[in-house]
Amino acid sequence: MYAYQAPLRDMQFILHTIAGLEEIASLPNCEDVSAELVSAVLEEAGKFAAGVLAPLNQSGDRQGCRLEQGVVHTPEGWQAAYDQFRDAGWVGLALPQEYGGQGLPKLVSTPVWEMWFSTNMAFAMLPQLNVSQAEALQIAASLEQKQTWLTKVVSGEWASTMNLTEPQAGSDLAATRTRAVPEADGTYKLFGQKIFISYGEHELTPNIVHLVLARLPDAPAGVKGLSLFIVPKYLLDAEGKPSTRNDVRCIAIEHKMGIHGSPTCTLSYGDEGGAIGYLVGEANRGLATMFIMMNEARFGVGVQGVGLAERAYQYALNYARTRVQGRDAITGESGQPIICHPDVQRAILSMRARVMAMRSLLYTAAGWFDLAHHHPDPAIADQYRRYVDLLMPVAKGWCTEVGNEVCDDAIQVFGGMGFVEETGIAQYFRDARIITIYEGTTGIQANDLIGRKILREQGATLYELIAEMQQTEPALAHSAALTQLALPFKTLLTDLKTASDWIVTQDQAQQAQVLAAATPFLYLLGTVCGAWQLARLALAAAAKPADSSFDPAYCQSLIELTQFYFHSFGVQASAYAATVRQAGESLIAFDFAQA
């Protein structure tokens, strides 16, 4: 097992050159964010990730979780690690100070979460749920609910879950059957079953705050009839402390391909008279609030993609440097490490290029979150909010798919040893496989991108983003080090614009073909956005003066990495664009009775 090294140099370069850290630090409520503070936070997070979380990852995977008499037992070391994590204030790093958080920008917290996911994704899923739930409660909860529940969630004293999926419904929330019956005292009694609930039961915290979608007796059909409820594991006494066990039980945990250290639970509500719940926000408006939590979670899952890919890349690079086999392809010298082989070099560089493309895109999007939230100019804030909304399916869908590809490539570098669990690399592939599925599969993300984000406004924000990307082309053309990328970059944007035009100009009768093209279009947009961010990164590297804190060799490597990405992955954009325009017709025409 190879020790984790936090990629602080890469993180710092992106934060300071293209993600806009200095601009965000000048915004209202962000003035305390200095370069020194950010460095200190990242360094401490790196130490915690490498020293506390990483050593538990493999053992947690092997031990897994177990359910005994309704109690879920997490792996050894989980409790001590969570206590340290909570006490250090990591849960509330980017959550509001008024509820006990530290109030740092999302741009600062995003690389920190990358480290958590790199070193122990199964563990980090627990506090990640607190962050997502806190975002929803901030917006929709009453003042009393915030005082009662939100402060405990932000501090990490109590854990959180979100309960959407049911056995008969899957991703179709319109089929939700869980019932909420109003009581005379203003509370509700819930009856039903929820599945695939991460950390739905455990003993790591004295209480768990479940957010549950359910239907009121007079609710309209479909998703418009869903309301959202706080349903705690333990009801509170007069002092606000957990006391009586609520009527919610874990009746099973899943035996999964990966993330064994994270209990995925089936929860039953109301088996003994009804689980007490509290309505959050307006009746029949629960899905809108839950989507706040889901969007936060979806961005976090995208960060899981880059985190797992980074760790797999580090494993593969270290193995390639130490595994001796064959001859050096250039010198012919025998007994050389396999990193001397050109195909291994191609695999390693492919992994690094995609990791940096994902990281650059996600950090830039995190900065957009902050600009949307804090910028004093409403027009600018709205622009970045729309960019975030547009690219959320890409941040989740494309980054998780690419993260899977990188983990798969890492196993290939290991060869036969990658298929052996003792080497440790297989765990990252197994853990990564779920991230393309939960919080909405890649197909669901693609449909959301096409339907809700593009067609609803006839591509207005997409075309605005393409216009912003076009501003990078002249800079490439005028850079001595990067001028050869100007034309390929222009071609990328042309492919994206052509595919976008095709999507927005199809009539209603052709919607099936459009939806058939949704996932290829998501890949196209992700590939182009990755190229755009790496181009910006390379421009920053080319502009770095000799006395920069980033040494010239490192800056040159970023330029060469960008060139490699363009030549290896940017060229795929044309194929995706052709697929968008052409594949749908033959797909719709196919007789699936013959499949």
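Residue indices begin at 1 and follow the sequence shown. Only heavy atoms go into these numbers, but all of them, side chains included; no hydrogens, no water, no symmetry mates.
Here the CD1-CZ distance, from I348 to R321, works out to 8.5 Å after rounding to the nearest 0.5 Å. With values rounded to the nearest 0.5 angstrom, D431 atom CG is found 9.5 Å from S262 atom OG. With rounding to the nearest 0.5 angstrom, the CG atom of L561 is 6.5 Å from the CG atom of L558. Taken to the nearest 0.5 Å, the OG atom of S118 stands 10.5 Å off from the CD atom of Q304. Atoms CD and CD, from E296 and E439 in turn, are 11.0 Å apart once rounded to the nearest 0.5 Å. We find the CG-OG1 distance between L485 and T491 to be 11.0 Å, quoted to the nearest 0.5 Å.
Counting non-hydrogen atoms of other residues, nucleotides and ligands closer than 6.0 Å to CD of E585 gives a total of 12 or fewer. Counting non-hydrogen atoms of other residues, nucleotides and ligands closer than 6.0 Å to CD of Q5 gives a total of 12 or fewer. By the neighbour-count criterion of 12 heavy atoms within 6.0 Å, atom NZ of K256 is densely surrounded, having more than that number from other residues, nucleotides or ligands. Other residues, nucleotides and ligands contribute at most 12 non-hydrogen atoms within 6.0 Å of the NE2 atom of H373. By the 6.0 Å contact criterion, CD on Q412 is open, its count of non-hydrogen atoms from other residues, nucleotides or ligands being 12 or less.
By the 30° and 60° cut-offs, the orientation of the rings of F13 relative to Y554 is perpendicular. A perpendicular orientation is assigned to the rings of F369 and F299, their planes being inclined by more than 60° (bins at 30° and 60°). The aromatic rings of W113 and F117 lie tilted to each other, with the angle between the two planes from 30° to 60°. Taking the six-membered ring for Trp and thresholds of 30 and 60 degrees, F414 and Y315 have ring planes inclined between 30 and 60 degrees apart. The aromatic rings of F592 and F590 stand perpendicular to each other, their planes meeting at an angle above 60°, with 30° marking the opposite boundary.
The two atoms that bring A541 and I559 nearest to each other are CB-CG1, 4.2 Å, heavy atoms only. Scanning both residues, V344 and I338, for their nearest heavy atoms gives CB-O, 3.3 Å. Smallest separation of non-hydrogen atoms from A432 and C407: CB-SG, 3.9 Å. What you find for K396 and R298 is that their closest heavy atoms are CG-O, 3.4 Å. Summarising the geometry of A410 relative to A312, their closest heavy-atom pair is CB-O, 3.6 Å, with the distance given to 0.1 Å. Minimum heavy-atom separation, L15 to E22: O-OE1, 4.4 Å.
With respect to E457 and R386, no salt bridge is recorded, no charged nitrogen being found less than 4.0 Å from a carboxylate O. Taking a cutoff of 4.0 Å between a charged side-chain nitrogen and a carboxylate oxygen, K453 and D448 qualify as a salt bridge. Residues R346 and D343 are paired through a salt bridge, judged by an N-O separation under 4.0 Å between the basic side chain and the carboxylate.
No side-chain heavy atom of I425 sits under 4.5 Å from any side-chain heavy atom of M417. Using a 4.5 Å cut-off on side-chain heavy atoms (C-beta onward), Q513 and L587 make no contact. H374 places none of its side-chain heavy atoms less than 4.5 Å from the side chain of K106. Under the 4.5 Å side-chain criterion, counting only non-hydrogen atoms from C-beta, Y2 is not in contact with T423. For the pair V528 and L493, the minimum side-chain heavy-atom distance is below 4.5 Å. The closest side-chain heavy-atom distance from L361 to V394 is below 4.5 Å. Proximity of I437 to T442: side-chain heavy atoms (C-beta onward) are nowhere separated by under 4.5 Å. When side chains are defined from C-beta on, I503 does not count as touching L462, because their heavy atoms never get closer than 4.5 Å.
None of T562, T472, T364 except one satisfies the side chain to side chain donor-acceptor pair (under 3.5 Å) rule with Q533; the exception is T364. The one candidate from F521, Y523, F569 that meets the ring-ring contact (aromatic ring centres under 6.0 Å, His included) condition with Y576 is Y523.
Judged purely by atom type and a 3.5 angstrom limit, T498 has no side-chain atom pairing as donor or acceptor with the backbone of D495. Although no hydrogens or angles enter the test, the distance criterion places a donor-acceptor pair under 3.5 Å between the side chain of S500 and the main chain of L496. Judged by distance alone, with hydrogens and angles left aside, the side-chain atoms of R311 form no donor-acceptor pair with the main-chain N or O of G307 at under 3.5 Å.
In this model, a donor atom of one side chain and an acceptor atom of the other lie less than 3.5 Å apart for N57 and Y428. No side-chain donor-acceptor contact under 3.5 Å links Q572 and T527. Counting only N and O atoms by type, the side chains of E114 and Y363 include a donor and acceptor under 3.5 Å apart. In the model, Q563 has no side-chain atom that pairs as donor or acceptor with a side-chain atom of H567 under 3.5 Å.
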Q: Evaluate side-chain contact (heavy atoms from CB on, under 4.5 Å) for D61 paired with R430, printing each intermediate quantity in order.
A: CA-CA 10 Å; D61 178 65; R430 289 187 287 101; 2.7 Å; yes
(Q) side-chain contact (heavy atoms from CB on, under 4.5 Å), that's the test. Do V112 and L42 meet it? Break it down for me. (A) CA-CA 6 Å; V112 171; L42 295 185; 3.9 Å; yes
Q | Step-by-step side-chain contact (heavy atoms from CB on, under 4.5 Å) determination, L391 to L525 | A | CA-CA 9 Å; L391 290 186; L525 184 53; 3.8 Å; yes
Q: Dump the intermediate steps for side-chain contact (heavy atoms from CB on, under 4.5 Å) on W368 and L107, then the final yes or no.
A: CA-CA 8 Å; W368 291 345; L107 180 55; over 6 Å; no
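Taking the six-membered ring wherever Trp is involved, the centroid distance between the rings of Y438 and F196 does not fall below 6.0 Å.
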